[in-house]
Amino acid sequence: MADYDVIIIGSGPGGYVCAIRCAQLGLKTACVEGRDTLGGTCLNVGCIPSKAMLHASEMYHEATTHFDTMGIVGGSPKIDLTKMQAYKQSTVDTNTKGIEFLFKKNKITWLKGWGKITAPGEVTVGDETHKARNIVIATGSEASPLKGVEIDEKMIVTSTGALELTKIPKKLAIIGAGVIGLELGSVYARLGSEVTVLEYLDQITPGMDLEVCKSFQKMLTKQGLTFVLGAAVQGVEKMKAKAKVSYTLRKDDSAQSLDADIVLVATGRRPFTDNLGLSDIGVKMTERGQVAIDDHWRTNIENIYAIGDAVVGPMLAHKAEDEGMAVAETIAGQHGHVNYGVIPGVIYTAPEVASVGQTEEQLKEAGRAYKVGKFSFMGNARAKSHFMGDGFVKLLADKETDRILGCHVIGPMAGDLIHEVCVAMEFGASAEDLARTCHAHPTFSEAMREAALACGDGAIHA
Ligand code: NAD
C-alpha cells in the first residue's frame, strides 16, 4: 500500500502549485521541503524579496526625483537599509506562510527535511521512508559556479547574498548582464551604488528582441549603470576590504581589472539535483545536467516525473507552475498541457521589459513574412502624466493572416500589459482583434491597442 498518491520533492512555484493541484484533483499528496519555510528559491531568496527591493528603491527614486515637481514638498528622504531589509523579509514571510496555509487548507502533508528517492516509488526523508504511487522532482536550480570565482555570499555574492547586504556598496561590480544582474544592478544604482556590469557577449540580455535590447541598454545607462561588453571574466581576487575582478576584453585580448566593494556573480543557474539519489536508481540526465523528460514530463523511470528549473526550458517560476499543474492533471488521468510558445518573460526593472512569442530576429531567421506595429509610450496620456513616456510596444503579426506572432514591450507596467497579448495568442487572435477591442481611457493598456492599430491602418496617437 502506498502512503501517498503523489510525493513532490521541492516546494518552489513548480512543486507547491503541483501539490495544490494534485490535492484539488483528489490525490493524497505530500511535499518534501528541507528549508524552514515553503516556497523555494522564488519566495525565499529570489523573485519575491527582489521585487520588494525593486519596489522600495523605485519609491525612493520617485520621492527624490518627481515628488517636488508634483507639488509634494518636504525633507528629502534617506535610506534606512535595515528597515528596508525588514520590509523585504516581511514580504517574504507573508508569502511563505501563505503557502503553508494553502497546504493545510488542501490537506497536503509537508514532509520536513531533504528528500532522496531510494527506489522507484520510495522517498526517504531523514529516518523515514514513504511510499508513493508517483514522484515529482521539482528541486529547482542553484547559481552556476564561475571558474576562478569563489562565492562567500559576503563580498562575492550570488543573488542570495546581494539581497542580504548590510551596507549599500559604494562600488558594485556585476558579472553577467542577464535578468538577475540588471534587476539587482538597478536596485543598487537607485540606492546610490556605482554599478559596473561586465558581460561576455556584445549585447545585454541575450535572446531579447534586438530593438528592445538596444533601448533597454540606453535607458539603464541613463540611470547610471556602466556596461563593459565583450568582457570575459578570468577571476575575482579578494583583498582586505575590496575585491578585484580581472577580465579580458575579447576584441583585443587586453587584460583589464576592476575594483569593487561587492561583486555579484549573475552568470546563470544550473539544475539542483544533488543528493537526490537519481544516478543510483538510473534516472537519465541530459548533457546539461537536467533531468531528461519526455513530452509529458516523464523521466525514464515509471511514475517519476520532473518539472521546472530541473528540466529543459526557461528557468521561470511561471513555466514551472504551468508544468506543475499539467503533471498533476496527467497523474490524475487528465490531459495536462503547456503551450511553450506562449510563455511571457519579464524583467522587473524600471521601466519593465516584457515579451511573449517570437522576436523580429527569430521571424527573419525563419523566413516568415511579418509586419510590425509600434507605439511609443510618449503618445500615451497616462504614461506621460506619470513621467513614464520612455519605451514602446512592438507587436509582430503575420503579413498575410494578421495573426499575432509576438509582442515586446519596454515601458510602464510592461509585465502586466503583456498578458493581454498572451490571451490573444492563446486564442489565435489577429492584430485586428486586439485593435478592435475597446480599451479604457486613460490606461497604459491603450498603448497595446495602438500597436495593434499600427499593424493595420495606423495608430491614432502616433
Ligand atoms: P541569465 O542567463 O539571464 O544571464 C547570464 C548572463 O551572464 C548572460 O548574459 C551571459 O552571457 C553572461 N555571462 C555568462 N558567463 C559570463 C562570464 N564569464 N563573464 C561575463 N558574463 C558572463 O542568468 P541570471 O541573470 O543569472 O539568471 C538566472 C536564471 O534565473 C535565468 O534563467 C533567469 O531567467 C532566471 N531569473 C528570472 C527572473 C525574471 O524572470 N524576472 C529574475 C531572476 C532570475
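We count ligands from 1, going down the list as the structure has it; atoms in each ligand are counted the same way.
- The residues Arg270 and Glu142 are annotated as salt-bridged, a charged nitrogen and a carboxylate oxygen being separated by less than 4.0 angstrom.
- Side chains of Tyr340 and Glu323: a donor on one and an acceptor on the other come within 3.5 Å.
- Remark: minimum distance from atom 29 (C) of ligand 1 to any protein heavy atom is reached at Arg269 CD, 3.7 Å.
- Looking at Lys238 and Glu150, no side-chain N of the basic residue comes within less than 4.0 Å of a carboxylate O on the acidic one, giving no salt bridge.
- Atoms of ligand 1 found under 4.0 Å from any heavy atom of Ala231 (numbered from 1 in listed order, with element): 19 (N), 20 (C).
- Atoms of ligand 1 found under 4.0 Å from any heavy atom of Val233, numbered from 1 in the order shown, are 19 (N).
- Polar contact check, Tyr348 against ligand 1: no nitrogen or oxygen pair lies under 3.5 Å apart.
- In this model, a donor atom of one side chain and an acceptor atom of the other lie less than 3.5 Å apart for Ser254 and Gln256.
- Protein heavy atom at the shortest distance from atom 21 (N) of ligand 1 is Tyr200 N, 3.1 Å.
- Near Pro206, meaning under 4.0 Å from any of its heavy atoms, are these atoms of ligand 1: 9 (O).
- Residues Glu420 and Arg449 are not paired through a salt bridge, judged by the lack of any N-O separation under 4.0 Å between the basic side chain and the carboxylate.
- Below 30°, between 30° and 60°, or above 60°: for His55 and Tyr87 the angle between ring planes is between 30° and 60°, a tilted geometry.
- The closest protein non-hydrogen atom to atom 10 (C) of ligand 1 is Glu199 OE2, 3.5 Å.
- The shortest N or O to N or O distance between Val179 and ligand 1 is under 3.5 Å.
- The N/O atoms of Glu183, backbone and side chain alike, include one that comes under 3.5 Å of an N/O atom in ligand 1.
- Selection from Thr267, Leu198, Asp202, Leu182 by nearest heavy atom to atom 22 (C) of ligand 1 gives Thr267.
- Of all protein heavy atoms, the one closest to atom 5 (C) of ligand 1 is Ala266 O, 3.4 Å.
- Compare Val228, Thr158, Leu316, Ile174 by their heavy atoms: the one nearest to atom 40 (O) of ligand 1 is in Leu316.
- Assignment of Ala232 to the shell around ligand 1 is not supported, since no heavy atom sits closer than 4.0 Å.
- Less than 4.0 angstrom separates some heavy atom of Leu146 from each of these atoms of ligand 1: 18 (N).
- If you check which protein heavy atom lies closest to atom 25 (O) of ligand 1, you get Ile180 N, 2.9 Å.
- Salt bridge Asp261/Lys242: present, at least one basic N to carboxylate O contact under 4.0 Å.
- Heavy atoms of Pro314 stay at 4.0 angstrom or farther from ligand 1.
- Ranking protein heavy atoms by distance to atom 35 (C) of ligand 1, first place goes to Met315 O, 3.4 Å.
- Between Val346 and ligand 1, a contact under 3.5 Å exists for at least one N or O pair.
- Nearest to atom 7 (O) of ligand 1 by heavy-atom distance, out of Ala354, Gly148, Gly176, is Gly176.
- Taking the charged nitrogens against the carboxylate oxygens, Glu446 and Arg382 have no contact shorter than 4.0 Å, which rules out a salt bridge.
- In this structure, Arg250 forms a cation-pi arrangement with Tyr200, its terminal cationic atom sitting closer than 6.0 Å to the ring centre and no more than 45° off the ring axis.
- Under the 4.5 Å side-chain criterion, counting only non-hydrogen atoms from C-beta, Lys244 is not in contact with Leu258.
- Polar contact with ligand 1: present for Gly268 (N/O pair, distance under 3.5 Å).
- Closest to atom 1 (P) of ligand 1, if we only count protein heavy atoms, is Gly178 CA, 4.1 Å.
- With respect to the salt-bridge test (charged N to carboxylate O, under 4.0 angstrom), the residues Glu164 and Lys88 qualify.
- Under a 4.0 Å criterion applied to the non-hydrogen atoms of Ile175, ligand 1 contributes the atoms 19 (N), 20 (C).
- Listed by number with element, the atoms of ligand 1 under 4.0 Å from a non-hydrogen atom of Leu201 are 11 (O).
- In the displayed structure, His386 atom NE2 is contacted under 6.0 Å by more than 12 heavy atoms of other residues, nucleotides or ligands.
- Gln223 and Ser186 share no side-chain donor-acceptor pair at under 3.5 Å.
- In Asn275, the CG atom is not crowded: 12 or fewer heavy atoms of neighbouring residues, nucleotides or ligands sit closer than 6.0 Å.
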